[in-house]
Every structure is written in C-alpha cells, then in structure tokens.
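Here the structure is a predicted model, which is why all the values come from computation and not from measurement. Residue numbering restarts at 1 for every chain, and letters A, B, ... go by the order of the sequence lines.
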Amino acid sequence: MAVTIPSDAAPPPGRTSLAFPARRPGLTLAAAAGVLVVGTTLLVLLLDRKAPGILTGAVVEALAHPATAPLILKAGVLGWLAEGWGLGEPWLGLASISLSLFTIVAVFMGLFALTSIVERKVLARIQNRYGPNRAGLWGLLQPVADGIKMLTKEDIVPAGGDRWMHLLAPVMLAVPAFLVLALLPYGPGMTVVELGVGILFFFALGASAEVAVFMAGWSSNNKYSLLGAMRAIAQMISYEMPLLLAALAVVMLAGTLSPTLMVEAQAGHAFGFVPQWFVFTPWGLVGFVLFFIAALAESNRSPFDLPEGESELVAGHMTEYSGFRYAVFFLAEYIGLFGICGFAVALFLGGWHAPLPVLDFIPGYLWFFLKLYGLVLLAIWIRGTMPRVRIDQLLAFSWLFLIPTGFCVLAGAALWHFTGGGWLGWLVVTPVVTAPYFLLLPRLQSAEANALRTYRFSEE
Amino acid sequence: MTDPDRLLSLLEAGLPGSAGRVRRWTNPGPSGQDALLVDPDAALEVALFLRDHPELQLDYCSNVTGVDWLPREVTESVTTTETVGGETKEVTKKVTRTEPGYLEAVYHLYSVALRHGPVILRLRAAGREAPAPLPSLTPVWRSAEFQEREIFDLYGISFSGHPDLRRLLLWDEFEGHPMRKDYVAPDEDGLPAIETAAAKGEANR
Amino acid sequence: MRKLKQLPGVGLLKGMLVTGRNFFGSYRNPRRLVTVSYPEQRLLLPESSRNFPFLVYDGNDSVEGLRCVACKTCERECPSGAIRIVQARDENGRPAKHPERFEIGIDACMGCQICAEVCPFDAIKMDSDYEHAATGRTRPMVHNKLRLAKSNTYYHRIKPREAAEVDARLEMERFRKEEARRKREEAARMKKEAAAKAAAAKPEAPENS
Amino acid sequence: MNLTASGLLFFAFAVLTLGAGTAVALVREPVRAALVGALCFVGVGLLYLWLGAEFLGFIQWLVYVGAVAVLIVFVILLTRREDAGGETEGGRFAGLRVLGGLGVALALFGALAAAVLGSGSLYREVPEEPMVLEIAALGRELVAGAVPPLILVGVVLTVALVGGVTLALVERKPDA
Amino acid sequence: MNLTRAAPWPAGTAPFADPGETELLELSLGPQHPSTHGVFRMNALLDGETVVRLQPVFGYLHRNHEQLAERMSYLASMPFTDRLDYFCSLTNNWAYALTVEKLAGLEVPERAEYLRVILAELTRLQNHTVFLGFLLGDMGAWGSVLMYGFRQRDAVLDLFEALTGSRMMCDYLRFGGCRCDLPPGWAAAARLVVDSYPGFLDEMEQLLTENEILRARTMGIGGVEAKRLVNAGVSGPLLRAAGLSHDLRKVDRYGIYDRFSFRIPLGEKGDVYDRLMIRLLEMRESLNILDSALRDLPEGPVINPQAKLRNFRPPAGEAYGRIESPKGELGFYLISDQSPQPYRYRVRPPSLINLTLLEEMCVGAKIADVMVILGSIDIVLGEVDR
C-alpha cells in the first residue's frame, strides 16, 4: 500500500534529493538522441572541408546499404586521410588498424557497461524488485557511477603479498580477453585480424587465464585467495577439454581453423526456411550445449562461480583487490564472457547469417551481436536461478560426463559427415551423441540422490 | 512419573549408597517443580542411573544453569532449655545467623522416549570465593558441554571431567565472572557516564 | 527405493521456469514489486506503528497544555533508561504538577512503548515518525520537552482510533471526577444545612420547653 | 647494420626470451621463477609468430604457457616447504662452485654454437615469400604420414600421467 | 590480549597421524564472513578442501542479557526478549510470559491463548520462509529465493506491525495475556495472508525439491542419527528431520495446542535435504493450525484482570517453562525472591545447543558444505551469544 507523492512535489525541506530521476523519460531520450545526431553531422561537415566530398559521400553510401556500412565508412575515412592529410603508406596502414581496433574496443566497452547494468536489472526483476534506477534514466548511468566509484576507491596491495605479481595479475587476465575479440567474425569481411588459425589462438589465450588467476591468488597473501586460485585453476583446466572437443567437431565439419570460414560453412537455408547452422544438427545441438556449459565454467559464471564463491571464499582470488584493479577483474570476466559467447555464435549459431532468408535486410553484424547478447542474457538468467556446484561435483561433472560427451560429439560429427546429413544422419547420430546423457549422468549422481525421498507423519 | 519421592525410592533401590547423598528440595512457588539436591561426589552415578533406568530414560538434558546464592541472614526461633535461677524452662529466642553463600548448578532433565520430565538436579559447590569443582555431566549428556562452559565462564564453577573447559562467551584473558551477584563492571571505556535514570541505579525500584 | 521418475536436468529447467515467470510477472502487474522508491514514495504505516515517544498537550499552548505531571513513572519503568525528568518547582519551592525538563535520548530509546503503557495520565504516546537522523551523536540525539511536545490534534491525525479511545476515557474520568466533586459538595452542603437546621431547631427548643 | 622494423622486433623478442630465461635462474622466489619461465615460453611463441609460423606459435603458447607453466607452479605449491633445499650461499667452496658452473655453461654454449654454425643454415638465402602453411595439408600429413609416432607419443604421455597420479596416491597414507 | 589464537588442537586428532603428510591449512571462517548468519566464527583445519577439524568460537555478540534482566523489573525485560532470536520475537515473548505465568500461577483468558497460537504460527511461517532464502543464498543462488521469501514474509510482518506496532520487535505479550486487542479488520487481513501462502509454497517446491544441483549439494551431508542428536540436546526441526517425533506442541501440550489437529512431519536420514523439506512441510501444518485458529477465535478479554502491570512481585520460588520455537526448544528458568527483579533469569538457547554437534557434522565434508550445514541448523547469533 504505497502512497505516491506527485513527482513534481518539492522534495522534503532540508533534504535535496540526490537522484535526478528524469521527470519525462521519453523527452529526455529524444533530446539525447537528437543532440547526438546533430553533433555528428556537424562534425562530419566540419571535417569534410579538409577533403571535400569524400566523407559525406561515404556516410551517404553507408546509409544507403547498411549491410557493409562499417567497411564503407572505414574506406571513406582512410580515403579522407589520404586526400586531406596526404599520408604515406606506413601511416595509412597504422590508421586502418587503429580504426578497426578503436571501434571494436568502443563497442565492447559499451557492451560491458550495458551488461553490468542489464545484469543487475534482470536479476532484480527476477527477484521482483526494481534494480538500480537512481543514476540517470532507468539507471543507465549506473556504469558511469560504478566507474567513478572504482576510480576513487583506494587501491590496496596487501602487506606481505608479492607486490609486482599483485599489480600484474589483473592485466594478465584482461589483455588476453581483449585479444580474443580481434578474431570474432562480426560480419562478412569484418574480422579485424584474418588469422588462418583463429580457433587455436582463442584456446592459446584462454590457457593463459589460469596463470593470471594463480598470480592473483598467490600474491594476495590470503588463505581465501589461495583456495580460490586453486579452485579456479582446477576448474579452468578441467573445463577447457570439453570446450576444445566441441570446437574440434566444428573444425572437422567446416574443414578449417578460421572462424570466418566456419561461419561461411553455415550459410544457406535448407527447405527454404531452416538455416544451415550447425546447431540444427544433432551433434551440433549437443555440441552447443556442451560448449555453452563449458563457457559458463571458463568465465566463472554461476552455477560454476566457485573461485569467487561468496558464501565460503568471500571473493576467492579477488578478495584482496580493491579500487580500479578490482574493476579490471570485473571487466576481464565480462569481456571473457563476450569472447566465448562470440565464438559460440560463430561456431554453432551461424555468425552473421539471418535465421530466415526474408530477414536478410538486417545487416550481418547486428545479427551477430543479437545472438551474442541472447547468450549473455541466458547466462544472466541461469545466474539468477541456480545454486553453486561443489568443487568435487564440478570436476566429476566435467571429467565423467562432459568429456565423454565431447568424444561422442566428435564421433557424431564424423558419422554426420559420412552419412551426408539429412534424415539418415539424424537417425544415426542422435543415439551416438545422447548416449552419455542416458548412461553416464544417472550414475554420476549417487544412487541416494536419485531416490525420491518420502516423508511420513507421526501417528498422534 | 517424575515425582521426587518416587525418584528417591527408585534411587534407593537402584543405588544402595545414595540414601544420604540425595535429598528432596521443595520449590516454594506455585509451579510445583521440586528438585533433587545431589551431593557432588554422587552426581555422576546418579546421572547415569537416571539416564539408563528403563522406567525413567531421562535421555535429554534440556537446560544447565548456574545460580549464585548470596549469604543470607536467616532469623529463626530456636527453643533451648536453660536453667535460669534454678528451674529449667523452655526459652524461644530469635537467633539471626548468616547462612553462607554458595554456587549451584541446576540440571533440567527430560525423557524424549517416554515424554516425561522435568527432573531437576541441583549440585552445590561450597564457598563462593574459591568454589570446589563440580563433576561435569558432559560425559553423560553431551548437551551440557556448552552450558557448563558458560557457567564456568560467567559464574566461575570449574567442572572436573569436562572435555574442553574454556570460557564460552568471553575472551580467555578476561578476569572475573560477570554473572556473580556482587560483580562490578570495571568502567574502562573512559567516557563520562551519562547519568540516565538506569545509570543512577534507582530505576525500576 | 523409488527412483526419481524424471530425466536429470529437468528439475533445473523447472527452476528456470519459476524465475522466468517471476521476471515477466514483475512487468505484467507491478503490484508484485514490494519495494517503493523511498524519498519520493512512502509506505503508508498502519495506525498502531510506533517508533519514538512524544508528549501530548491539549489546547494550543505546548507548555501549559502538557498532560504530563512529572510523576516519573515512565522514567522508572523505561528498560533502557532513556527518559530524564526534572520536576518544576513553583515560586516558593514546592514541587509543581508539570516537568521543568523532560528529555528522551532517542539513541537509547528502542521504541518499546512501555512508557506509553504505564503512564497513568496518558501524557506520553508513541509516534510513527521515523526520520530523526541528526548530525551529532550526543547532543542532537537528546530531544527536549519542546521538541517532544505535540498537540492532541496531531495525535488524532496519526492515530484516530486510539486517540478517540483515550479522549473518551479522559472525558469519562473528568465526568466521574466532576460527579464525585459535585456529590462531595452536595454532601457538604447537606451537612451544613443539617447543622444550620439543627442550630435553628435548638434555639426554638429551649423556648418551648 | 640496416635496422628494419622486423629486425627491431626480432631483437626485442630475443632479448625478452633470453632475459626471462636467465631471470628464471637468478630469481630467489620459486613462484616468481616459475612465472618468469612462463614469460620465457611466451617469448619463444612470439619468435615463432615473427617467423610467420602462426600454428606453431599458438601451439607453443597453448601447450607451454597453458599447461607446463601451470604444472611447474602446482609442483612448487604441492611440495613441502622445509626440504626446499638449504641455501648454498657462501660456504667454503663458493668460489669453486661458481667457476664450475661457469665452466659447464660455457661448454654447453660452445657445443650449441658449433652445431648451429656448422649446419650452415645461417647463410642460406631467406626465401622472399615465406611458405604459407595450409592447415588442411598439415592435418592430412599428420594423419596420413605420421600416424604411428603420433599414437606412440599419446601412449607414452598417458602412461607417464597415470604413473604420476598413482605415485601421488600411494604416497598419501590411506584414510583411516 | 591475543583474540585470534584459538586453543591448540589436541594432539593426534587429525585423521592423518602425522600432519607432515600434507600441510594442513588453518582457516578462520568469520566472525566477519558473508554467510555465518551474524558474528559467528569457526576455526577450521583443512586438508585441501576437506574439513579435518572445526572449532566454533562464540561471544562476539554477547551483551550479558541475563545480567541486564536480573537488574530490571519483569516487565522491563520483555522488550529485550524480542532481541534474543530477532526473527521470532513473538515466540520469545511467549516463552518468557509462559514461564512467568507458571512462576506466579496466573491464568490466561481464552482469547489471549488463541491470539498467542495465531501469532506463534505466523512467526514460524515467516522464520522458515526466510530460512529457505538464507540456505539457498549459502548455496550460491544469488538471493532469488531469498527475495521471494522476503516478499512473502513482508505480508506477515505488516500484520505484526498493524497489531503490535513494530515489524520485528513486537513486545506484545504480557504476563496473563496480551497487551492490546486486534485492530478492526486484522483477522480478515490475516486470513488473506494465510490463503496466499500455499501458492508461495508450491512455487518454492517447484524451484527446490527436484533441482539437481540442490539435491547434489544437500543430500548425504550433515546427517547424524537421532540417538546422538537427543544426547546432544538438539531440538526442533533437526530432530524431526532425523525421524524422531519430538515436538513440544504435542509433548508438553502448552497453551491450547491440543485443540488443533496438525501432524508432525518426520524425515528419513536427517541430512540437510531432509531439514529443508521438514521446514517446508511444517509450514503447511502451521497453515492448518492458522485456518482453524482464525476460524474459531472467541471474543472476550485479552488480559487477566488480576495481572498487575507495574511493581509485579511473583511469590518466591522458581519455574522452568519451554515452548517449541521455530529454532527448537526455547526455555526460560526464573527464580523469584518476591522482589520486583528476578533473582535468576536464564534463557535456554536452542541455536547454541543445536551447534554442539557442528564439528561432527562437518568433519570429512568440504569447506562449501560447512556453510550449507551451518545454514541448515538455522542459528541466530542474538540467541547464541545472548
């Protein structure tokens, strides 16, 4: 029974309301968008005077066909640099690389800021409360507030801990997370670094995360951190195997190690509307589920958030971190999650391909980010529901169930290849792929846990 | 079932030597919960007997409490026969003597199996300054472990035979036993005493 | 031992269903959301909600109209010793029927309403206002007589039913006291008349004997 | 000495690798030594990348930084503190020990240098266009040509692993 | 003053005869720790993740409640009983009032008895609701179940606030009855809350009972057989989860519980899963009691007219009274010497005594299980340290 004081009533005397919840949200949003659009057009026109016609032409053409808008814009800017500033070869190459890197980092930092507020809002709504809505419109400025808080908080290095290792650990975790973003196939021809061995690079960087987590745990000179670090290493090692196996199946079918070619292998639609994504094949579906579970474990997301299990290890290897370096850990975890979900999209969900041919007018990179964000929201939903798994169950689940399933998925992919797909493929591959689910999983749980408990009532 | 007289008769039957060492203690209040006053040295065997006797099966020691009885002036009329001026006659005089204070451990026992109780045991430790150690009943009922440690902590009765006798609530280097009636808390926080009614001590008279 | 009849993993999905339903439910009907955004919206407290005591005064003069007669019952009964009363002295030093200083340390007071319960004159009641934040830890936390005194009309506004009951009771007492006083006067007058009649009767009696 | 950009890069990677290598020997703290060792492996991976052998570079990172470095760290953690070896600082034969160590090092370095110079690979003409590795070809080569050694390596590795685990188990007294 | 160093471990207690085998890690869990339900500390000796020894340390919230009560009148310590087990203030009040009535031989009118039963069962409902939330929070479910529990519990707390004036610190019972009668419309509001509870319980059961991770985390850990529990003085849901039918509402038949027909749920193995399910089933039984109690709530006075409010001096003597609080058997032992202050005031805390076998439950389990086992015992530090 809440009585609502009309929002324009003056706040109670002597207490200025810190928050400035927008009086009319719609108007504020429209004003902000308007300022943004007008500002950019003015900027473009201003810059255009240096090399007339190139920039404006590129912008117009980009708006014309959005599918390859980023490429056109980049070409336009490079052309503008060459004409306007008369830059030579080394500088142009440098400019093109930095342009790509700048956009990728900007996009993913924006995504990180958005996710940190979306996660708290979705978790809040799951728990029937509002979530942060004080900083800015609907709480959208909360990431800015968090950032400022993290910057101003004191940055403590524990005495007795190993100072340099303590300072270096978050960097060692964040750098690989960002490097992985360079490999993701955002759109046709839009992969920042076109490596022939993209997947291998992804796994090589993933492997270095363990060393970073260990450095954090060991250098904090704190028993909780050490326990957290040991758990993190055990978890990451045992969940890298299923990740590898699921990816190998796709490598085998797509015949290449580069994610871009894998996405191209999933082009086209069968029977006019069913997309040829790997997830719509029996081995692909099980492989995707396997990949997603292992992805949750790799990025320490619930229900596998054991390293920083609040209830017992306070914050695991991040216990002794404060201030901005704690924020870097936070950042590394989210960017790592984006990286892995990005690969899941590239490997199984058909990268930039639209689910239905009729939807092709939406540009490829939008599809990629939509699917990526769908997986991130699924991870948040899981985090709001499931309790944490215990360390021995976590390891047993990986070694005794996920890895055998991984081998079956490999076998299933091979069978799919030889049976040429279609109904026969489904018939042959499905039992092979789901065998561990029916045979191994029930045995994994102790017989006692499977029994349905009966509760009697005392007679009197 | 738990009427003290019946218990005393059962004790006589079961434990021959316990006659002199277990007496009935009557509760003046309306609650009708009389107790058994047990001498410390007989406490362990009486406890084992009460727990294992088929008719009693007092397997649940619900509550263990310490009580600090201050020395009390007791005035009672004493009739003595004296010879005054040749003939002997009865003389009743008011004699006030101070009964020495003592510390007491009270055990409330119940039976979960037979659903009866409470049977109350009272063990007295002579003297208040250096109370004689009482036998611990933790070996008989494990529930007494923490509560006996609390009595040791707040009253100062030490229990012989307790597996892990340390202070339960206060830190080990604390001097004094706060629940004693004559305990005065040392004023160590150094702040000026706020003279509220309670602090002046005459509240709630 | 009956085995769990469902496939492993289905229990987790059912759990996801519940949280999903709650997520969309919270948008569908906002009544599910229990929290309110506090400074702008406030929960309507039930009538009997109590936080800190206040002194009731009749009429509109907060010093003269105080019901409190400084009998110090509440000071004695207060469990946390938060109340301090100094009884006023009239001009020639005899204790007067109102408090010169009445202070409650609201940091010590735990709002247990025992003072309101034991007060024989209904002079102290519990207020449901909870916004007493102050900048200092000692001085501002002690509310003096002026700050504690609130009018009976305020009491009627925050607790209508309870205030009406108290007023009815006070009215009844006043009426009964009035009644008793009138009966005493009546009796006194009757006695005086009787005495006067008796005196009048005596002078005649001697004449006619 | 015409310093091209890639020459500069090579020089940097080489210094990184060698520096990390010597640091492993000199650093007092065992855990720090392990981590600097990981840095040395990264340096070797970078050298492969500089040569254009991306596949080998990433495999180097995956295997050495991901697994071997963590293995060394675990070994340091799980062995007991006290018998971590007394310090052999100072003592009567300090001088002799240093000389001996230097001698062995020089001998080793000499043998290595001779082998490399002798092979004449330094003077071969660097091919203009670095050979582009065709992954599929590599895969076919591995599976078709070198099946027996591949399986043999796998078996040896498994046996070693299982052996290590049973040793660790036996050493711990069975739980009472 | 060395506060941190606990007592040395008695020799030879670790399963490994010579700790030289692997280095045992001594970890102090608490007193400032996210899931110890307050300032409670455990000194754990760990071999890797497995607990070898566990020593609880108490006293961080000790305010010597009993000494305060012995220097105050009987009425003045009633609001302090709210602060013992601050989740169930009304059952604390009832235990204290029951013992003083037994001490002074006071009768309680009919309507007051009904009110006491209604309020005690509402307290049990909201305590078990919040227990579910904390247990799932210990297991890492990020507070979703906790928030559902708080939302449902809020309705009950609003009922308490409408009747007693405060949500958690009710201070409502007096010796010989209750402080004031129901405000108009309270019974109807209570009826609404009781009717909404089964829906909430069904939702919780769908979320919990078949959840594989929850079953894996709770089954088979923390179990002790009934005989040892009784000897260790454990009471309440822990005992019934081990299959022993001991509920003071049926054993002592205090108040008017014998007029209501309700059943006592019993578990099989007494592990954490059984304790969770027993509390869920107990909530349903409380709903039955509330239905019948609200239906035939009689009219009449709520307090015994002879009971004096101030300067209350019970006759000399002593009394021990106990009730079935949501945590277990909550007892009060009072000795009166006819003065306004009790000569001896003792609280029998179920939370403290239920912790006697904590070490036995935790040895051999993982460090993550220790938190879940501690959560399943459902302790409140206000009652443990008094």
Side-chain angles (χ1 to χ4, degrees), chain A residues 1 119 123-129 222-224 226-228 230-231 234 301-306 308-315 319 380-397 441-442 444-460, chain E residues 25-29 33-35 46 48-49 136-148 150-151 158 207 209-221 240 243-247 250 263-269 271 273-274 277-278 281 285 366-372 375:
Chain A
M1 38 198 178
E119 166 139 35
L123 278 183
R125 279 296 176 172
I126 283 182
Q127 298 164 2
N128 287 308
R129 49 189 175 84
N222 165 344
K223 289 176 181 162
Y224 290 119
L226 193 61
L227 272 177
M230 302 300 272
R231 280 190 182 182
R301 290 284 301 183
S302 173
F304 306 102
D305 53 355
L306 268 94
E308 25 95 17
E310 271 64 33
S311 52
E312 59 263 17
L313 290 186
V314 185
T319 317
I380 295 174
W381 184 10
I382 289 177
R383 177 176 175 193
T385 324
M386 294 196 185
R388 190 174 302 121
V389 186
R390 206 177 48 202
I391 182 76
D392 52 333
Q393 294 156 354
L394 172 90
L395 299 179
F397 184 65
L441 206 50
L444 189 63
Q445 278 178 328
S446 63
E448 178 196 10
N450 276 346
L452 200 56
R453 287 278 176 89
T454 57
Y455 292 93
R456 55 185 170 82
F457 289 93
S458 77
E459 59 303 337
E460 91 246 59
Chain E
L25 178 72
E26 181 164 354
L27 190 64
S28 156
L29 297 163
H33 190 278
S35 67
L46 300 176
E49 290 268 340
L136 262 293
D138 288 347
M139 271 188 257
W142 281 98
S144 299
V145 185
L146 186 63
M147 286 305 159
Y148 298 154
F150 274 151
R151 176 163 57 97
D158 288 347
L207 191 60
T209 43
E210 288 139 8
N211 184 327
E212 274 73 15
I213 298 182
L214 182 114
R215 295 172 70 98
R217 279 294 300 273
T218 54
M219 281 194 170
I221 59 166
R240 291 190 286 277
L244 212 114
S245 161
H246 177 73
D247 186 329
K250 293 276 186 184
R263 303 171 303 179
I264 307 296
L266 300 175
E268 282 167 52
K269 296 191 174 50
D271 54 12
Y273 186 79
D274 274 356
M277 289 306 295
I278 287 299
L281 295 169
E285 293 310 316
K366 295 282 184 296
I367 185 85
D369 295 335
V370 167
M371 290 303 148
V372 176

Legend entry - Part of E/L244 lying under 4.5 Å from any heavy atom of chain A: neither

Inset, instruction - Not counting sequence neighbours, which residues clear side-chain hydrogen bond (donor to acceptor under 3.5 Å, both in side chains) with E/R151? List them please. - result: none

Inset, instruction - Give, as side chain, backbone, both or neither, the part of A/I126 having an atom under 4.5 angstrom from any heavy atom of chain E. - result: both

Legend entry - side chain to side chain contact (heavy atoms under 4.5 Å, CB included) assessment of A/N128 paired with E/M147: CA-CA 8 Å; A/N128 287 308; E/M147 286 305 159; over 6 Å; no

Legend entry - Contacts of type salt bridge (Lys or Arg N to Asp or Glu O under 4.0 Å), residue E/D369, not counting sequence neighbours: A/R390

Legend entry - E/L146 versus chain A, the contacting section by heavy-atom distance below 4.5 Å: neither

Inset, instruction - Report the option among E/T209, E/L25, E/L136 that has the most heavy-atom pairs separated by less than 4.5 Å from atoms of chain A. - result: E/L25

Inset, instruction - For E/D271 and E/D274, indicate whether the former's side chain and the latter's backbone hold a donor-acceptor pair under 3.5 Å. - result: yes

Legend entry - Side-chain touch E/S144/A/T385, heavy atoms, less than 4.5 angstrom: no

Legend entry - Under 4.5 Å from any heavy atom of chain A - which part of E/L266: both

Inset, instruction - Side chain from CB out, backbone as N, CA, C, O: work out which of these in E/Y273 comes under 4.5 Å of a heavy atom of chain A, or both, or neither. - result: both

